[in-house]
Number of protein chains: 2
Amino acid sequence: MGAQTSPALPVPTRRQRLREQTQNEIKAAARAQLVSNGPGGVQLRAVARDVGLTAPALYRYFPSLEELVEALTVDLFDELCDVMEGAAAPAADPFARMLELSRAFRRWAMQHPHEFGLLFASPPTALGQQPTNACQQASDRFGNLFASAFIAIWDAAPFPVPADDEVEPAMTAGLMPYRTWLVANVAPDMPLGAVVRFLEGWVRIFGCVAMDAFGHLSWAMPDGEPMFEQVMSSLAEMVGRPDAYVPPKASV
Amino acid sequence: MGAQTSPALPVPTRRQRLREQTQNEIKAAARAQLVSNGPGGVQLRAVARDVGLTAPALYRYFPSLEELVEALTVDLFDELCDVMEGAAAPAADPFARMLELSRAFRRWAMQHPHEFGLLFASPPTALGQQPTNACQQASDRFGNLFASAFIAIWDAAPFPVPADDEVEPAMTAGLMPYRTWLVANVAPDMPLGAVVRFLEGWVRIFGCVAMDAFGHLSWAMPDGEPMFEQVMSSLAEMVGRPDAYVPPKASV
DNA sequence: TCACGCTCGTGAATGCCGTTTACAGTTATG
DNA sequence: CATAACTGTAAACGGCATTCACGAGCGTGA
């Protein structure tokens with residue numbers, strides 16, 4: 001009845017706190033399994049064992065194994081986004097921010113290949129079923145990180161891009177919905193050609209990171225970082241700022 | 001006892017033929033499961049049911065589910081390579097061949113996303129264990145398709161590439177083993193810079209195809225083909241033959 | 001022709017899995 | 001303090017991969 005109990009939301013009851021804590025323990029155990037067994041190797045009974053419960057008890061916290069993995073996915077997207085945001089100062093030069101965002105992305109992917117696999121290689125596994133709202137939201141946050149970084153680069157210093165009528169008609173058509181959304185919501189003055197450049201860059205960054213994380217580069221080189229850095233350097237040229245690329249600080 | 005029975009190998013006994021036929025039926029059933037359930041959704045018992053056998057019977061043909069999937073993987077690599085070779089005339093202009101190889105690759109990936117997932121997205125699933133010999137061999141054939149196509153382009157008309165001392169030292173170091181192998185075996189006169197360009201191109205092609213197949217492009221565009229075609233066009237410029245890119249024949 | 005061995009298939013059994021159900025103990029609340 | 005909500009358990013179900021012991025059929029050499 002004290003005065004400070006009036007806002008209902010910020011005062012979770014004791015049980016709620018314990019419940020949330022247990023949920024986190026469960027997700028942590030699930031992640032440990034993900035790390036050692038890969039996506040698909042997360043087992044409900046094993047998670048329960050690790051956390052000191054019987055299997056049916058987990059159903060008090062997650063309605064199914066699948067939803068547990070989904071919750072873990074959301075957490076991992078958030079972790080990845082947090083790491084990326086923590087690595088790139090928003091106030092920095094826009095391209096420097098993009099550079100640091102991308103490097104943090106690559107670093108996280110290399111350090112957590114199985115988590116990366118869960119986030120980015122599952123679609124073929126789960127093809128045909130649309131993702132959960134929460135999942136979609138989490139991956140949107142990730143996408144927006146890159147998009148807003150690109151928009152900042154463009155707003156700070158537009159660079160030459162193909163004119164609207166130089167873009168392939170097929171691409172123009174396919175890109176229209178996204179482009180109108182962009183213009184209406186976040187980047188009023190971005191031409192179609194810039195959107196194309198954004199996607200090109202995103203494909204190169206993601207492709208480089210994903211191939212490395214999935215081991216599709218190791219036949220030619222043991223470490224994909226130099227290739228990644230070169231991609232970033234060539235992207236600096238693409239956005240008309242060849243000087244903006246700076247090599248990474250030497251790692252320890 | 002006839003004269004034609006002398007070579008032991010080319011005359012498989014009747015049993016051997018039946019056995020092989022059953023093996024193929026099993027792999028076909030496994031593939032059907034792969035298509036409908038995705039990698040990881042291939043179940044031994046379900047395969048057995050589909051082929052009209054009990055589960056233990058499959059162990060007469062494959063020592064485990066895992067090895068069945070591996071055999072299927074090898075088959076799929078071969079099918080992909082056959083399709084690609086069938087789509088690209090070896091005698092054609094070297095870049096045209098690369099173009100057709102890449103398009104066939106993309107086409108196959110789009111038409112068989114689950115098979116593509118099994119071939120190219122499993123490493124995170126099976127991270128830490130080196131592939132079977134047969135698997136390695138099959139994926140080597142795939143890699144060599146692209147490599148030899150690139151070598152043909154280079155041999156036909158070398159193009160400007162970064163000089164050896166312009167390549168990042170880190171990349172030079174990592175690339176050395178592969179480069180010396182290339183020079184020793186298939187491309188005696190290929191400079192380091194050309195190897196770098198090859199990998200760049202490969203990363204862009206694969207990245208574009210993989211992202212599309214995994215649905216990581218659909219948030220921006222429903223169909224990744226125009227983006228893929230643009231990548232191919234820009235690769236034509238990269239190899240100094242901007243004229244060599246020709247748009248695809250209109251699809252039906 | 002017959003008997004032997006090899007191949008291929010089966011049913012039963014083991015131990016794991018995800019999930020459901022019924023039940024008991026604990027905790028918060030009127 | 002009684003009542004309801006919450007959190008855990010044991011038992012059970014069906015499905016899974018895998019192993020084993022067994023039998024039926026084929027191919028071959030005496």
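Since this is a predicted model, take the numbers as computed values, not measurements. So that the names make sense, note that chain A is the first sequence line, chain B the second, and so on, each numbered from 1.
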Residue pair A/Arg141, A/Glu85: steps toward the salt bridge (Lys or Arg N to Asp or Glu O under 4.0 Å) verdict: CA-CA 11 Å; A/Arg141 181 184 164 202; A/Glu85 280 177 347; 3.1 Å; yes
Centroid-centroid distance, B/Phe105 to B/Phe228, less than 6.0 Å: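 No - the distance between ring centres of B/Phe105 and B/Phe228 does not fall below the 6.0 Å cut-off.
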Given atom [atom1] of [X] and atom [atom2] of [N], what is their separation to the nearest angstrom?
| X | N | atom1 | atom2 | value |
| --- | --- | --- | --- | --- |
| A/Phe62 | D/dT7 | CZ | P | 13 Å |
| A/Arg19 | D/dG8 | CZ | C1' | 12 Å |
| B/Glu67 | D/dA17 | CD | P | 15 Å |
| B/Leu65 | D/dG15 | CG | P | 18 Å |

Please report the shortest heavy-atom distance between [X] and [Y], naming the atom on each side.
| X | Y | result |
| --- | --- | --- |
| A/Ala30 | A/Val47 | CA-CG2, 3.8 Å |
| B/Asp212 | B/Met110 | CB-CE, 3.5 Å |
| B/Leu217 | B/Met211 | CD1-CE, 3.5 Å |
| A/Glu100 | A/Ala88 | CB-CB, 3.8 Å |
| A/Ala138 | A/Phe77 | CB-CB, 3.6 Å |

Whether B/Trp219 and A/Tyr178 hold their rings parallel, tilted or perpendicular, with breakpoints at 30° and 60°: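 Plane angle over 60°, so perpendicular.
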Segment of DNA chain C, first to last nucleotide, that comes within the 4.0 Å heavy-atom reach of chain B: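 Contacts span C/dC6 to C/dA12, reading 5' to 3'.
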Side-chain N or O of A/Arg15 closer than 4.0 Å to phosphate OP1/OP2 of D/dA5: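 False: A/Arg15 side-chain N/O out of range (4.0 Å or more) of D/dA5 OP1/OP2.
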Steps toward side-chain hydrogen bond (donor to acceptor under 3.5 Å, both in side chains) verdict (B/Gln43, B/Gln33): CA-CA 8 Å; B/Gln43 310 209 48; B/Gln33 289 236 337; 5.5 Å; no
Worked check of side-chain hydrogen bond (donor to acceptor under 3.5 Å, both in side chains) between A/Asn24 and A/Glu20: CA-CA 6 Å; A/Asn24 288 336; A/Glu20 198 166 339; 5.1 Å; no
First encountered from the 5' end of DNA chain D, between B/Pro63 and B/Arg60: B/Pro63
Nucleotide nearest B/Tyr59 when distance is taken to its side chain, options D/dT7, D/dA21, D/dT19: D/dT19
Stretch residues 24-33 of chain B: residues that reach within less than 4.0 Å of DNA chain C through a heavy atom: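 Result for residues 24-33 of chain B: none.
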Sugar-phosphate, base or nothing in reach of B/Thr22, heavy atoms under 4.0 Å: nothing
Nucleic acid contacts of residues 40-54 of chain B, taken as heavy-atom distances under 4.0 Å to DNA chain D: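 The stretch gives B/Gln43, B/Leu44, B/Arg45, B/Arg49 as the residues lying under 4.0 Å from the strand, ordered by number.
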5′-ward residue of the pair A/Ala55/B/Ala55 relative to DNA chain C: B/Ala55
Step-by-step side-chain hydrogen bond (donor to acceptor under 3.5 Å, both in side chains) determination, A/Glu79 to A/Trp108: CA-CA 10 Å; A/Glu79 173 184 311; A/Trp108 192 86; 2.9 Å; yes
